[in-house]
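In what follows, a single structure is set out as structure tokens and then discussed.
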Amino acid sequence: MIDLTGHVYGRLTVINEADRRGNKRYWICRCECDTETVVQMSQLRNGRIKSCGCLRAERASDTHAYKLADKQFGRLTALEVVDRHPERMVNIWSCECKCGNTITVRADHLVQQEVRSCGCLKKDQDTINMTEALQSRYVDGAATHLLTQKLRENSTSGHKGVIWAKREAKWHARITIKGRRIHLGYFDDLDSAIIARKDAEDKYFQPYLEGKE
Ligand SMILES: [Zn+2]
Ligand SMILES: [Zn+2]
């Protein structure tokens with residue numbers, strides 16, 4: 001049976017064996033900072049734990065606490081430490097976003113660039129993605145459909161979406177939006193039919209295009 005009593009591992013000095021949990025052995029250690037802590041034997045021996053946690057806290061504060069003020073992280077500027085994360089031992093900073101919002105962010109999330117805005121960055125990106133999705137749908141669905149031979153075959157007017165309707169003996173204006181054909185009416189003169197079609201294009205296609213801005 002190995003006895004670790006008296007051994008020193010980093011800041012920890014082993015005092016006594018603690019109760020076993022299952023088949024694992026645990027040791028009561030006193031840290032240099034005077035805190036007692038119970039550590040699993042293998043973690044002491046492989047050097048994974050060298051203090052009560054104070055070592056890690058100091059390192060965390062060295063890296064994260066004192067050097068972030070006024071620094072830029074994406075759209076965020078770190079202002080001041082407002083809290084400390086109880087488990088992760090990192091400081092929590094209040095940050096001002098370029099959009100004017102103030103939020104609190106963990107120091108490590110700032111340093112690792114996991115958080116780069118109050119959320120407005122993602123919102124902007126979502127808008128861009130959505131606009132692009134709409135536009136590709138516009139191009140793939142509505143527009144290319146209208147521009148391909150399918151309508152050219154039917155068209156006798158030379159204008160997209162305007163054909164001569166034999167039975168009615170009028171010009172028939174229509175538009176296809178995402179595969180759904182919408183009838184715009186029958187007209188005696190070609191110009192009126194073309195205008196109707198043009199108006200419909202503005203009405204149905206404009207919302208997609210406006211999303212771009
Ligand atoms: Zn300690
Ligand atoms: Zn923002």
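What you see is a predicted model, and the numbers here were worked out from it, not measured in a lab. Start at 1 and go down the list; that is how both ligands and their atoms are numbered.
Listed for the Asn46 side chain is a donor-acceptor partner under 3.5 Å among the backbone atoms of Ser42.
Angle subtended at the Zn ion (ligand 1) by Cys52 SG and Cys54 SG: 110°, rounded to 10 degrees. Angle SG(Cys118) to the Zn ion (ligand 2) to SG(Cys97): 120° [nearest 10 degrees]. With the Zn ion (ligand 1) as the vertex, atom SG of Cys33 and atom SG of Cys31 span an angle of 110° (nearest 10 degrees).
For the residue pair Thr77/Gln72, the side-chain donor-acceptor check at 3.5 Å is satisfied.
A salt bridge is defined here as a Lys NZ or Arg NE, NH1 or NH2 lying under 4.0 Å from an Asp or Glu carboxylate O, and Asp202 with Lys198 meets this definition.
When all heavy atoms of Arg75 and Leu121 are compared, the closest pair comes out as NE-CD1, 3.1 Å.
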